[in-house]
S.K.: 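Mind having a look at this structure? Questions to follow.
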Amino acid sequence: VVGLLGNKSPDSNRFTLVTPKPENGVRLQATLGNQNPTGLPVEQSDQSNYYGISGIPFVAVLFTMPYAVYQYNRHGAISKYRTLIIYSFVLYMLVAFFLVSLPLPPRASTVGNRWQDHLNLIPFKQIWLYWHDREFGIASFQAYLTSMSLWQLLLNILLTVPFGVYLAITLKKPEAYDSLLVPVEFFYETSQLTALFGIYPGPYRLADVEDLICNTMGGASGYYIAI
């Protein structure tokens, strides 16, 4: 088994691969310059994630411009209030998509990943796994309040609260809630299960039915808060 030591030097991306020390005391060592074990530049993925995030506001402007042109052609003027709402909604949707997609891994690391291994159809499985073989008590409950299992659930609920608010403000039609929220949720989970719709060789995020439940709860909460 080869171990990876993250001793990157300040002037270059250099990693040292070291084999476990055998009984005879001889240990093999090799240094990779500007590459990680996948053969890709070490910081390539980080740079892609950074450029993707920093470009979100500008992409939101491009998606908002057609609405502003439509307003001007129809009413002879552009409503700053309505345009700002549409822009913030587009910005939110882009941020939400990046939240469920980033960080992007090296392509080579997803080769061989099967979609069956990245799909969970058991609701609240993470909660069950956390409490399995744990004795319920004050100390364990306090530890659970700071666990990733709980915070992941809460953040998935909060993720779609703004979406419900936008539906209530812009459409003001109860029937539009189900017709728009559910497809958006399935779009997120499908993008994870299909490795960004085939961009990557294999999936790298987990498509979870628990996310659908939490997203529905968050969207419903936002909708009924705003109406």
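Nothing here was measured: the structure is a model prediction, and the numbers come from that model. Sequential numbering from 1 along the given sequence is applied to the chain's residues.
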S.K.: Restricting to ring pair (Phe, Tyr, Trp, His ring centres under 6.0 Å), what partner residues turn up for H75, sequence neighbours left out?
M.R.: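 Testing H75 for ring pair (Phe, Tyr, Trp, His ring centres under 6.0 Å), a comparison that skips the adjacent residues, returns none.
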S.K.: What pair of heavy atoms forms the shortest contact from P105 to S109, and how long is it?
M.R.: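 For P105 and S109, the tightest heavy-atom pair comes out as CB-OG, 3.6 Å.
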S.K.: Could you give the distance from CG (N113) to NE2 (H118), rounded to the nearest 0.5 Å?
M.R.: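 Going from CG on N113 over to NE2 on H118, the span is 4.5 Å.
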S.K.: Verify the cluster assignment for I225 and L167: are they in a single hydrophobic cluster under the rule of side-chain heavy atoms below 4.5 Å apart?
M.R.: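 No, no single cluster joins them.
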S.K.: Once you round to the nearest 0.5 Å, how far does CZ of F141 lie from OG of S147?
M.R.: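 F141 CZ to S147 OG: 10.0 Å, rounded to 0.5 Å.
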S.K.: If every non-hydrogen atom of P123 is compared with every non-hydrogen atom of I213, which pair is closest and at what distance?
M.R.: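 Between these two residues, the closest heavy atoms are CB-CD1, 3.9 Å.
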S.K.: Do T170 and F89 come within less than 4.5 Å of each other through their side chains, counting heavy atoms only?
M.R.: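 A side-chain contact is absent here, since even the closest heavy-atom pair is not under 4.5 Å.
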S.K.: Between Y224 and I169, is there a shared hydrophobic cluster once you connect ILVMFWY residues whose side-chain heavy atoms come closer than 4.5 Å?
M.R.: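 Yes; I169 is reachable from Y224 via cluster members.
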S.K.: To the nearest 0.5 angstrom, please state how far the OH atom of Y144 sits from the CZ atom of F136.
M.R.: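 If I round to the nearest 0.5 Å, the distance is 10.5 Å.
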S.K.: Who else is in Y72's hydrophobic cluster (ILVMFWY, side-chain heavy atoms under 4.5 Å, direct or via others)?
M.R.: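 Listed partners: I78.
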S.K.: Which heavy atom in V165 sits nearest to a heavy atom in G222, and how many Å separate them?
M.R.: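 The answer is CG2-O, 3.4 Å.
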S.K.: Quick one: side chain to side chain donor-acceptor pair (under 3.5 Å) pairs with a partner in residues 188-199, sequence neighbours left out?
M.R.: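 Counting only pairs at least two positions apart or across chains, no side chain to side chain donor-acceptor pair (under 3.5 Å) contact touches residues 188-199.
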S.K.: Hey, are the side chains of I86 and F63 touching, using non-hydrogen atoms and a 4.5 Å cut-off?
M.R.: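 Side-chain contact under 4.5 Å: no.
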S.K.: For A143, check side-chain contact (heavy atoms from CB on, under 4.5 Å) against everything at least two apart and list the hits.
M.R.: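 Scan of A143 (side-chain contact (heavy atoms from CB on, under 4.5 Å), adjacent residues dropped) gives Y130.
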S.K.: What pairs of residues pass the side chain to side chain donor-acceptor pair (under 3.5 Å) test when at least one of them lies in residues 84-96, not counting sequence neighbours?
M.R.: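 Pairs touching residues 84-96 that pass the test: S88-Y166.
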S.K.: Is it true that L62 and V90 fall in one hydrophobic cluster, defined by side-chain heavy atoms closer than 4.5 Å?
M.R.: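 Same cluster: L62 reaches V90 through Ile, Leu, Val, Met, Phe, Trp or Tyr contacts under 4.5 Å.
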S.K.: side-chain hydrogen bond (donor to acceptor under 3.5 Å, both in side chains) with N120: which residues, sequence neighbours excluded?
M.R.: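 N120: side-chain hydrogen bond (donor to acceptor under 3.5 Å, both in side chains) contacts with D208.
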S.K.: Side-chain heavy atoms under 4.5 angstrom apart, residues restricted to Ile, Leu, Val, Met, Phe, Trp, Tyr: same cluster for V100 and L206?
M.R.: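 Unlinked, V100 and L206 end up in two clusters.
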S.K.: If the condition is side-chain contact (heavy atoms from CB on, under 4.5 Å), which residues does F187 pass it with, not counting sequence neighbours?
M.R.: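 F187: side-chain contact (heavy atoms from CB on, under 4.5 Å) contacts with F97, F197.
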S.K.: Do any side-chain atoms of residues 149-156 form donor-acceptor pairs under 3.5 angstrom with protein atoms, and if so which ones, sequence neighbours left out?
M.R.:
unit_1	atom_1	unit_2	atom_2	d
S149	OG	Q126	O	3.4
W151	NE1	L145	O	3.0
N156	ND2	Q152	O	3.1
N156	ND2	D211	OD1	2.9

S.K.: To the nearest 0.5 Å, what is the distance between CD1 on I122 and CG on L129?
M.R.: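 Rounded to the nearest 0.5 Å, the CD1-CG separation comes to 8.0 Å.
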S.K.: Can you list every side chain to side chain donor-acceptor pair (under 3.5 Å) pair that touches residues 56-70, not counting sequence neighbours?
M.R.: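 Counting only pairs at least two positions apart or across chains, the side chain to side chain donor-acceptor pair (under 3.5 Å) contacts touching residues 56-70 are Y67-Q71, Y70-R74.
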S.K.: Residues in side-chain contact (heavy atoms from CB on, under 4.5 Å) with W115, at least two apart?
M.R.: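 W115 satisfies side-chain contact (heavy atoms from CB on, under 4.5 Å) with L119, L193, P203 only.
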S.K.: Would you give the length of the straight line joining atom CG of L91 to atom CE of M93, rounded to the nearest 0.5 angstrom?
M.R.: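 These two atoms lie 11.5 Å from each other.
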S.K.: Heavy atoms only: give me the nearest A195-G202 pair and the separation to one decimal.
M.R.: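 In terms of heavy atoms, the two residues are closest at CB-O, 3.3 Å.
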S.K.: Is the side chain of R205 donor-acceptor paired with the backbone N or O of L196 at a distance under 3.5 Å, no angle test?
M.R.: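 No: the side chain of R205 does not pair with the backbone of L196.
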S.K.: With side chains defined as the heavy atoms from C-beta onward, is the minimum distance between V182 and F186 less than 4.5 Å?
M.R.: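 Counting from C-beta outward, V182 and F186 do come under 4.5 Å.
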S.K.: How far does OH of Y204 sit from OG1 of T110, to the nearest 0.5 angstrom?
M.R.: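 That separation rounds to 9.0 Å.
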S.K.: The criterion is side-chain contact (heavy atoms from CB on, under 4.5 Å); which residues satisfy it with L99, sequence neighbours excluded?
M.R.: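 Here the qualifying residues are V95, L159.
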S.K.: Between the side chain of Y200 and the main-chain N/O of P106, is any donor-acceptor distance below 3.5 Å?
M.R.: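 Not confirmed, Y200 side chain does not pair with P106 backbone.
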S.K.: Which salt bridge (Lys or Arg N to Asp or Glu O under 4.0 Å) pairs, counting each pair once, include a residue from residues 108-132, with sequence neighbours left out?
M.R.: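 Salt bridge (Lys or Arg N to Asp or Glu O under 4.0 Å) check on residues 108-132 returns R114-D117.
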